[in-house]
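Okay, structure first, notes after.
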There are 2 protein chains.
Amino acid sequence: MGTTQLETVPEPKYWHLKTVLSEALDSEFAVGEILPNERELAARFGVARATLRQALEQLELEGRLQRRRGVGTTVAPPRVGLDIVPAPQSWPGGPGDAWQTEGYERLAPPAAVAGLLAAADGATVHAVRRTRYTQGQPVATEVLYVPAGSVPGVPADAPQEAPALPDGAAAARVLRELHRLDLEGQDRAVELGSARAEDARLLDRLPGAPVLVVTTRYFSGGRTAAVAVSTYRADTCRLTFGAHDVLPVAG
Amino acid sequence: MGTTQLETVPEPKYWHLKTVLSEALDSEFAVGEILPNERELAARFGVARATLRQALEQLELEGRLQRRRGVGTTVAPPRVGLDIVPAPQSWPGGPGDAWQTEGYERLAPPAAVAGLLAAADGATVHAVRRTRYTQGQPVATEVLYVPAGSVPGVPADAPQEAPALPDGAAAARVLRELHRLDLEGQDRAVELGSARAEDARLLDRLPGAPVLVVTTRYFSGGRTAAVAVSTYRADTCRLTFGAHDVLPVAG
DNA sequence: TAGTGGTCTAGACCACGCC
DNA sequence: GCGTGGTCTAGACCACTAT
């Protein structure tokens, strides 16, 4: 029963370090506090800096630490819970939507999205870029892909001489036209990804930072009328589905 | 407009490597194929092994590669989509449930779970361990925490002399008693974590491997009647919510 | 300019799976 | 035993932030 046996298989140093640091964070540090720098910590624990960094990386992945180049390593606040389902069935940009429109483009969607939209190769779609903020900090970016066929009311690829609409207006128009459609259902998938350069910049992270990618399909008229790909910071966010809000998250 | 400018800021080598490898995976390798070993690849690209490994780590995180000590690095199949919501509202172990019961224990829940259950410090709960398999492979492990008060029909902490039920029977009994309760609602949260030693072993991964942690709260009688903490392999899994199954995932 | 975390190197040895 | 990926070291230099 008692698991107090001696280590039969020695655990890696970085794993042990992580445990020790984790306990220290619980007992000796306050949220926002700056830890000693990496060289100092490595020396204090008698390990190489690379080994220490392996432990810090894990803790950052778990949302316990935040590291910023040129500044230092700080103790992270608990992850924020972000509701992914504002209303049972609703188009993006509807009531209760936490997103802010930030850009518009017309482009050929990435292959994975093209597959979901059953779009022809090379066909372009409306792409609305949005960002989600919490407490003034950007926590997620999103690209909403809408095939031209879903929103015939929006000027399509105008012949080059007619520059259609300014971007802000085009984005608003796409969302407005979407809301006219009958939303028959939607679909979500969550997976782990790493931030592409642009997303990383918007989220104030380095490229490759771990992110939770939420792919939402919106169905209307028997087809996929739109696809949203949302990229959440994995270190600081907890995604909630149908939060019931009975109890505060303690412990 | 055109973003074809020269690199003003050179990207890190490992980032570039990752891109190159990613493209090679798309075009030159089949799923399951074994890549050249790390020393060979590092030499081929003219970088240190550690740098190459940084690139491989990213690709593994994204589910593109699978690395196994003593074996090699293989090209991973696309992630499997696992439905998290078998039925709109249902207790664990109900119809359509993909989990297999594997163990039972009576224990004091971890602090975070105790908070969700509003359990007194030191109070023990029923803990049912379950595993989810797909194509014969374990993809997730779960611990279902049920306070004794939620299932009065299950023998509680018997005085030491009466060893209550064998584990398998106890687990089944907990689930059966749960199903008698009126399920008033449920709640889910998804976040990134790293596999604890035991979960890692069950999932055939190394400790610290990235996992998606799904926390489900089950409400009954105005309180949280049970909490399930499910740990999915982040490298191989895509979690789906209310899959609509209109289109195959192409591209 | 000083100090931080981020990248990179060239080694070494270890734990594991397979033959 | 041999080859694989996993861990670890002791350095170096770079990019960024704050002062």
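In what follows, chains carry the letters A, B, and so on, assigned in the order in which the sequence lines appear, proteins first and then strands, with residues in each chain numbered from 1. Computed from a prediction, not measured in an experiment: that's the story for all the values here.
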Atom pair distance, as rounded to whole Å: CZ in Arg69(A) and P in dT7(C) | 6 Å
Within this structure, what is the CZ-to-C1' distance between Arg68(A) and dT17(D), rounded to whole angstrom?
-> 10 Å
Are any of Asn37(A)'s side-chain N or O atoms less than 4.0 Å away from OP1 or OP2 of dG3(C)?
-> no
Atom CD of Gln66(A) and atom P of dT17(D) are separated, to the nearest Å, by 14 Å
Would you tell me if any nitrogen or oxygen in the side chain of Thr73(A) comes within less than 4.0 Å of OP1 or OP2 on dT4(C)?
-> no
Distance, rounded to the nearest Å, where Glu57(A) contributes CD and dG6(C) contributes P | 8 Å
Is the count of non-hydrogen atoms from other residues, nucleotides or ligands lying under 6.0 Å from Glu105(A) atom CD greater than 12?
-> no
Is there a donor-acceptor pair under 3.5 Å between the side chain of Arg233(B) and the backbone N or O of Val211(B)?
-> no
How are the rings of Phe241(B) and Phe241(A) set to each other: parallel, tilted or perpendicular (split at 30° and 60°)?
-> parallel
Please give, in whole Å, the distance from dG3(C) P to Glu40(A) CD?
-> 13 Å
Give the rounded distance in Å between these two atoms: NE2 of His16(A) and P of dT7(D).
-> 16 Å
Out of dG5(C), dT4(D), dT7(D), which nucleotide sits closest to the side chain of Arg53(B)?
-> dT7(D)
Is there a side-chain hydrogen bond (donor to acceptor under 3.5 Å, both in side chains) between Arg106(A) and Thr124(A) once you walk through the steps?
-> CA-CA 6 Å; Arg106(A) 224 185 128 87; Thr124(A) 66; 3.0 Å; yes
With a 3.5 Å cut-off and sequence neighbours excluded, list the donor-acceptor pairs that the side chains of residues 15-24 of chain B form with protein atoms.
from	atom 1	to	atom 2	distance (Å)
Lys18(B)	NZ	Glu62(B)	OE2	2.7
Thr19(B)	OG1	Trp15(B)	O	3.0
Ser22(B)	OG	Arg64(B)	NH1	2.9

Just checking, any donor-acceptor pair under 3.5 angstrom between side chains of Arg53(A) and Tyr14(A)?
-> no
Under the 3.5 Å rule, do the base of dG5(C) and the side chain of Arg39(A) count as making a donor-acceptor pair?
-> yes
Under a 4.0 Å heavy-atom cutoff, the residues of residues 197-208 of chain A touching DNA chain D are none
Asp204(B) atom CG, over 12 foreign heavy atoms within 6.0 Å = no
Return the polar atom pairs (N/O with N/O) between nucleotides 8-11 of chain D and the protein under 3.5 Å, or none.
from	atom 1	to	atom 2	distance (Å)
dC8(D)	OP1	Lys13(A)	N	2.2
dC8(D)	OP2	Tyr14(A)	N	3.2
dT9(D)	OP1	Lys13(A)	NZ	2.9
dT9(D)	OP2	Ala48(A)	N	2.8
dT9(D)	OP2	Thr51(A)	OG1	2.4

Side-chain (Ser194(B)) to main-chain (Gln58(A)) donor-acceptor, under 3.5 angstrom | no
So, are Glu60(B) and Arg67(B) salt-bridged, with charged N and O less than 4.0 Å apart?
-> yes
Tell me whether the OP1 or OP2 atom of dG6(C) has a side-chain N or O from Arg67(A) closer than 4.0 Å.
-> yes
